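Note that the coordinates shown come from a computational prediction; the quantities given were computed from them, not determined experimentally.
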Amino acid sequence: MIFSLDNMFGVHETALKLRAQRSEIIAANIANSDTPGYKARDIDFSTALKQAQSGQSSVGLSATREGHISDTASSVQHDGIRYRVPFQAALDGNTVESQVEQAAFAKNAVEYQATLTFIEGRISTLKQAIKGGE
């Protein structure tokens, strides 16, 4: 069995990046809850994760010349961002529902922490293996 550091975290590395991006999007929704006409957005997490794993992307930058900086190192590219369908939109066109956004943010934070805990466990296991089980 060949050990590879690239595969050590599996899907969790990508999932962690997507959950961080989802937190930013939901936080922007909450911050704009009083902005007239603001449309709440969210990531379809499972679709975005599948696209990130398969390397598909319809959004992103491409390097056309030598010396262009690649954008793949700092973020996960996906087009899983969708407008949220509100239960009841405000009269000013704002579709942010504070309770929905806060619940989504809390759920995403718990899932982010669970993913982070899994990655920490993997690192701890690797440390023990390197030290020889001490």
Side-chain angles (χ1 to χ4, degrees):
M1 179 177 204
I2 298 173
F3 177 74
S4 172
L5 280 176
D6 292 337
N7 297 328
M8 183 175 167
F9 301 120
V11 69
H12 297 284
E13 178 184 356
T14 304
L16 193 65
K17 292 176 183 175
L18 285 172
R19 293 201 189 287
Q21 288 181 344
R22 186 168 186 232
S23 289
E24 291 175 9
I25 292 169
I26 295 171
N29 290 344
I30 293 170
N32 287 292
S33 63
D34 293 329
T35 304
Y38 185 83
K39 305 295 182 202
R41 301 179 309 150
D42 199 358
I43 292 176
D44 182 355
F45 184 79
S46 60
T47 301
L49 186 61
K50 287 177 187 174
Q51 286 179 346
Q53 286 183 301
S54 66
Q56 297 175 348
S57 175
S58 63
V59 178
L61 303 175
S62 60
T64 56
R65 291 187 178 185
E66 187 175 319
H68 284 178
I69 298 172
S70 172
D71 65 338
T72 57
S74 62
S75 65
V76 176
Q77 297 178 2
H78 59 85
D79 65 348
I81 299 175
R82 305 281 187 253
Y83 288 104
R84 192 185 303 269
V85 177
F87 293 107
Q88 183 174 2
L91 292 176
D92 62 5
N94 186 312
T95 62
V96 176
E97 296 170 311
S98 295
Q99 298 86 358
V100 172
E101 300 301 330
Q102 290 173 358
F105 190 86
K107 181 181 179 207
N108 191 59
V110 169
E111 292 169 345
Y112 181 90
Q113 186 62 45
T115 303
L116 195 58
T117 301
F118 179 84
I119 290 173
E120 287 174 346
R122 286 287 180 115
I123 292 171
S124 176
T125 302
L126 183 60
K127 282 181 176 178
Q128 286 180 344
I130 291 171
K131 291 179 179 177
E134 294 179 11

Open item on the list: Rounded to the nearest 0.5 Å, what separates atom CD1 in I81 from atom OG1 in T47?
Closed with: 12.5 Å
Open item on the list: Please check this pair: side chain of N94 against backbone of A90, looking for a donor-acceptor N/O pair closer than 3.5 Å.
Closed with: no
Task: Salt-bridge criterion met for E97 and R84 (N-O under 4.0 Å) - done: no
Open item on the list: In this structure, would M8 and I130 fall into the same cluster of hydrophobic residues linked by side-chain contacts under 4.5 Å?
Closed with: yes
Open item on the list: Would you compute the distance between atom CG of L16 and atom OH of Y112 and round it to the nearest 0.5 angstrom?
Closed with: 4.5 Å
- [ ] Could you grab the distance from atom CD of E24 to atom CZ of F105, nearest 0.5 Å is fine?
- [x] 10.0 Å
Task: Donor-acceptor pair between Y38 and D92 side chains, under 3.5 angstrom - done: no
Open item on the list: Looking at R82 and D42, is there a salt bridge between them, counting it only when a charged N and a carboxylate O are closer than 4.0 Å?
Closed with: no
TODO: To the nearest 0.5 Å, tell me how far N108 CG sits from Q113 CD.
DONE: 12.0 Å
Open item on the list: Set out, in order, the CA-CA distance, both residues' side-chain angles and the distance that settles side chain to side chain contact (heavy atoms under 4.5 Å, CB included) for I123 and F9, then state yes or no.
Closed with: CA-CA 9 Å; I123 292 171; F9 301 120; 3.8 Å; yes
Open item on the list: Give me the atom names and distance for the closest heavy-atom approach of N32 to V96.
Closed with: O-CG2, 4.2 Å
Open item on the list: Treating K39 as the side-chain partner and V85 as the backbone partner, does any N or O pair qualify as donor plus acceptor under 3.5 Å?
Closed with: no
Task: Interatomic spacing from CD in E101 to CD in Q99 - rounded to 0.5 Å - done: 10.0 Å
Open item on the list: Does the structure place the NZ or CZ of R19 under 6.0 Å from the centre of the six-membered ring of F45, at an angle of no more than 45° from the ring's axis?
Closed with: yes
- [ ] Decide yes or no for Q21 and K17: does some side-chain heavy atom of the first lie under 4.5 Å from some side-chain heavy atom of the second?
- [x] no
- [ ] Calculate, to the nearest 0.5 Å, the distance between atoms CD1 and CZ belonging to I43 and R22 respectively.
- [x] 7.5 Å
Open item on the list: So which atom in I119 and which in H12 form the shortest heavy-atom distance, rounded to 0.1 Å?
Closed with: CD1-O, 3.8 Å
Open item on the list: Minimum heavy-atom separation for N29 and A40, please, with both atom names.
Closed with: OD1-CA, 3.6 Å
Task: Non-hydrogen atoms of T95 and A89 that approach each other most closely - done: CG2-CB, 4.3 Å
- [ ] Measure across V11 and Q53 and return the closest heavy-atom pair with its distance rounded to 0.1 Å.
- [x] CG2-NE2, 3.0 Å
Open item on the list: Give me the atom names and distance for the closest heavy-atom approach of T115 to A15.
Closed with: CG2-CB, 4.4 Å
Open item on the list: If the condition is salt bridge (Lys or Arg N to Asp or Glu O under 4.0 Å), which residues does R41 pass it with, not counting sequence neighbours?
Closed with: none
